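This structure is a prediction, so every number in the text was calculated from the model and none was measured. Excluded from the calculations below are hydrogen atoms, water molecules and symmetry mates; all remaining heavy atoms, backbone and side chain alike, are included.
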Amino acid sequence: MKAKVFVTLKPSVLDPQGKTVMHSLHSLGYEKITDVRVSKYIEISYEGHDRKSFAEELEIICNKVLANPNIEVYHYDIED
């Protein structure tokens, strides 16, 4: 199985990297871009077929390693 994990800043947290990308896009002429948020995308492969166990481990991994729960949120999709 494989999990696709998406980690994003909470909406209330400033995103300086996103602002830098947005300013770069504006300088290239993409003036209609109104906001950019930069996020993390992580793929994790899992040996086994127990989706529930994988999801439980993913919750722990996301909370302890992949995301800072003070400023980030995450969600994931598990594929067979």
*Could you tell me the separation between the OG1 atom of Thr34 and the CG atom of Leu25, rounded to the nearest 0.5 Å?*
11.0 Å

*Mind checking whether Val38 and Met22 sit in one hydrophobic cluster, side chains of I, L, V, M, F, W, Y counted as touching below 4.5 Å?*
yes

*Would you give the length of the straight line joining atom CG of Leu58 to atom OG of Ser53, rounded to the nearest 0.5 angstrom?*
11.0 Å

_Hydrophobic clusters here meaning ILVMFWY residues chained together by side-chain heavy-atom distances under 4.5 Å, can you tell me if Ile44 and Tyr41 are in one?_
no

*asked:* Can you give me the closest heavy-atom contact between Cys62 and Val5, atom names plus distance?
replied: SG-CG1, 3.8 Å

*asked:* With ring-ring contact (aromatic ring centres under 6.0 Å, His included) as the rule and sequence neighbours excluded, what pairs involving residues 58-80 come up?
replied: Phe6-His75

*Tell me whether Leu66 is reachable from Ile60 by hopping between hydrophobic residues (I, L, V, M, F, W, Y) whose side-chain heavy atoms are closer than 4.5 Å.*
no

*Would you say Leu14 has more than 12 foreign heavy atoms packed within less than 6.0 Å of its CG?*
no

*Counterpart residues, salt bridge (Lys or Arg N to Asp or Glu O under 4.0 Å), relative to Glu57 (two or more places apart)*: none

*asked:* Going by salt bridge (Lys or Arg N to Asp or Glu O under 4.0 Å), name the pairs with one or both residues in residues 45-54, residues two or more places apart or in two chains.
replied: Arg51-Asp80

_Transitive ILVMFWY cluster of Val73, excluding itself - 4.5 Å side-chain cut-off_ = none

*Mind checking side-chain contact (heavy atoms from CB on, under 4.5 Å) for Ile71 and listing every partner two or more places apart, or none if nothing turns up?*
Leu9, Val13, Asn68

*Could you give all pairs that pass the salt bridge (Lys or Arg N to Asp or Glu O under 4.0 Å) test and reach residues 63-72, with sequence neighbours left out?*
Lys40-Glu72

*How would you list all residue pairs meeting salt bridge (Lys or Arg N to Asp or Glu O under 4.0 Å) that involve residues 2-23, not counting sequence neighbours?*
Lys2-Glu43, Lys4-Glu79, Lys19-Asp35

_Greater than 12 external heavy atoms within 6.0 Å of Gln17's CD_ = no

*For Arg37, which residues count as a salt bridge (Lys or Arg N to Asp or Glu O under 4.0 Å) partner, sequence neighbours excluded?*
none

*Is Phe54 reachable from Val65 through a run of hydrophobic residues whose side-chain heavy atoms are each under 4.5 Å from the next?*
yes

*Could you tell me which non-hydrogen atom of Thr8 sits nearest to which non-hydrogen atom of Ser39, and how far apart they are?*
CG2-OG, 2.9 Å

